[in-house]
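Okay, so here's the structure we're looking at.
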2 protein chains.
Amino acid sequence: MGLAKTEIFTDTQNEIALFAKAFGHPARVAILQHLFKIDACFCGDLVKEIGLAQPTISQHLKELKYLGLIKGTVEGTSVCYCVNTEKWKEMRELMQNFLSQDILPKEDCC
Amino acid sequence: MGLAKTEIFTDTQNEIALFAKAFGHPARVAILQHLFKIDACFCGDLVKEIGLAQPTISQHLKELKYLGLIKGTVEGTSVCYCVNTEKWKEMRELMQNFLSQDILPKEDCC
DNA sequence: TTTATTCATTGCAATGATACGATTAATATT
DNA sequence: AATATTAATCGTATCATTGCAATGAATAAA
């Protein structure tokens with residue numbers, strides 16, 4: 001059916017999946033890396049930097065903005081994007097919890 | 001076109017996206033959490049635990065196995081699944097590098 | 001005001017992902 | 001051998017995602 005049955009999972013599981021899905025495309029990974037590297041960036045610069053069409057970049061930015069991972073403020077005809085560090089840390093906390101489940105060293109069973 | 005243009009991104013960016021996509025579904029998050037919790041698990045147990053049909057769980061397991069994050073060994077009619085801790089740590093290294101880009105405290109620009 | 005620039009939105013085509021019923025393959029059990 | 005159990009695979013339906021051309025909206029520059 002192409003639809004994830006979110007209702008049978010915990011909030012945490014769904015939240016992890018949502019953030020992970022945002023990183024599930026190399027363009028969004030590249031956008032975030034670039035925003036971290038140069039602090040702030042206009043959409044047009046990202047189009048040049050990444051190499052995808054402007055509507056495509058705009059769409060990826062929209063998703064990242066929807067999750068709160070980036071912010072965008074209008075500056076004349078341009079829009080300045082940057083990482084929302086507050087939300088980023090919140091997300092990282094969640095993801096690192098998930099990634100660090102194996103603190104206790106265990107033997108692989110199979 | 002529904003196709004990510006992987007050729008215009010770096011290997012690292014594509015790799016991050018691949019692993020992230022694996023965590024982009026709550027069922028796979030739940031499967032991994034359960035495998036960590038009880039060390040090893042049969043497919044049938046996961047079907048009961050998660051609440052999705054057996055073919056669906058089997059499909060999710062296949063993806064996790066393809067990425068090397070889990071291992072599965074046949075035990076009679078059952079298949080025992082467990083986390084591949086080696087690969088898991090490798091993946092975590094990659095993801096944590098990405099998640100820790102903001103070590104230097106910066107001001108949000110917008 | 002006219003033109004240019006910048007970016008969002010819309011609409012479309014193509015592909016991917018999710019879910020499951022039905023079936024198949026393999027081993028255990030009787 | 002016949003049956004049961006377990007899990008993979010196949011086929012199919014449905015929705016999601018990706019990408020871009022075309023267009024629209026808003027501000028800046030002439």
Side-chain angles (χ1 to χ4, degrees), chain A residues 1-9 13-14 17-31 34-35 40-67 70-82 110, chain B residues 1-9 13-14 17-31 34-35 40-67 70-82 110:
Chain A
M1 300 181 190
L3 252 173
K5 287 191 164 179
T6 52
E7 71 275 9
I8 66 173
F9 301 104
Q13 287 165 346
N14 281 316
L18 270 183
F19 282 122
K21 201 161 20 167
F23 304 141
H25 194 289
R28 290 189 290 267
V29 172
I31 286 172
H34 196 245
L35 287 182
C41 194
F42 297 114
C43 173
D45 293 334
L46 285 167
V47 173
K48 284 178 210 155
E49 176 74 19
I50 312 281
L52 288 172
Q54 179 266 321
T56 308
I57 296 292
S58 198
Q59 197 172 297
H60 286 306
L61 288 170
K62 191 180 174 183
E63 288 183 58
L64 293 173
K65 202 173 169 186
Y66 173 75
L67 289 176
I70 63 173
K71 291 190 272 188
T73 47
V74 180
E75 288 190 13
T77 56
S78 303
V79 176
C80 175
Y81 283 101
C82 70
C110 24
Chain B
M1 298 184 194
L3 252 172
K5 287 191 163 180
T6 52
E7 70 275 11
I8 67 174
F9 301 104
Q13 287 165 345
N14 282 317
L18 270 182
F19 282 122
K21 203 165 10 172
F23 304 142
H25 195 288
R28 289 188 292 267
V29 172
I31 286 172
H34 196 246
L35 287 182
C41 196
F42 297 114
C43 173
D45 294 335
L46 285 167
V47 173
K48 283 179 210 155
E49 176 74 20
I50 311 280
L52 288 172
Q54 180 265 322
T56 308
I57 295 292
S58 199
Q59 200 171 295
H60 286 306
L61 287 170
K62 190 181 175 183
E63 288 184 57
L64 293 173
K65 202 173 169 187
Y66 173 75
L67 289 176
I70 63 173
K71 290 190 272 188
T73 48
V74 180
E75 288 190 12
T77 56
S78 304
V79 176
C80 175
Y81 283 102
C82 70
C110 24

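Just so it is clear: chains get the letters A, B, ... in the order the sequence lines come, proteins before strands, and each one is counted from 1.
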Self-check item: Pairwise side-chain contact, L35(A) with I70(A), heavy-atom cut-off 4.5 Å (strictly under)
Solution: yes

* To do: For residues F23(B) and K21(A), determine if any side-chain heavy atom of one lies less than 4.5 Å from a side-chain heavy atom of the other.
  => no

Taking atom [atom2] of [N] as reference, at what distance in whole Å does atom [atom1] of [X] sit?
X      : N       : atom1 : atom2 : value
I31(B) : dA19(C) : CD1   : P     : 10 Å
F23(A) : dT17(D) : CZ    : C1'   : 18 Å
E75(B) : dA26(C) : CD    : P     : 19 Å
H25(B) : dA16(D) : NE2   : P     : 12 Å
L64(A) : dT17(D) : CG    : P     : 13 Å
I8(A)  : dC20(C) : CD1   : C1'   : 13 Å
Y66(A) : dA8(C)  : OH    : P     : 18 Å

Once base and sugar-phosphate atoms are separated, protein heavy atoms under 4.0 Å mark nucleotides 3-10 of chain D, 5' to 3', with B, S and - as --BSBBB-

Tell me the closest heavy-atom pair linking [X] and [Y], and the distance in Å.
X      : Y      : answer
A20(B) : G24(A) : CB-N, 3.8 Å
F19(A) : L67(A) : CE2-O, 4.1 Å
C41(A) : L46(A) : SG-CG, 3.7 Å

Residues 50-61 of chain B side chain polar contacts: donor-acceptor under 3.5 Å, at least two apart:
residue, atom, partner, partner atom, Å
H60(B), ND1, R28(B), NH1, 3.0

Exercise for review: Please check the phosphate of dT17(D) (OP1 and OP2 only) for any side-chain N or O of H60(A) closer than 4.0 Å.
Suggested key: no

Does K21(B) have a side-chain nitrogen or oxygen under 4.0 Å from the phosphate oxygens OP1 or OP2 of dA17(C)?
yes

Out of dC20(D), dA19(C), dT18(C), minimum distance to the side chain of E63(B) belongs to dT18(C)

Of the listed dT18(D), dA19(C), dC20(D), the closest approach to the K5(B) side chain comes from dC20(D)

Interatomic distance, NE2@H25(B) vs CZ@F9(A), rounded to 0.5 Å, equals 6.0 Å

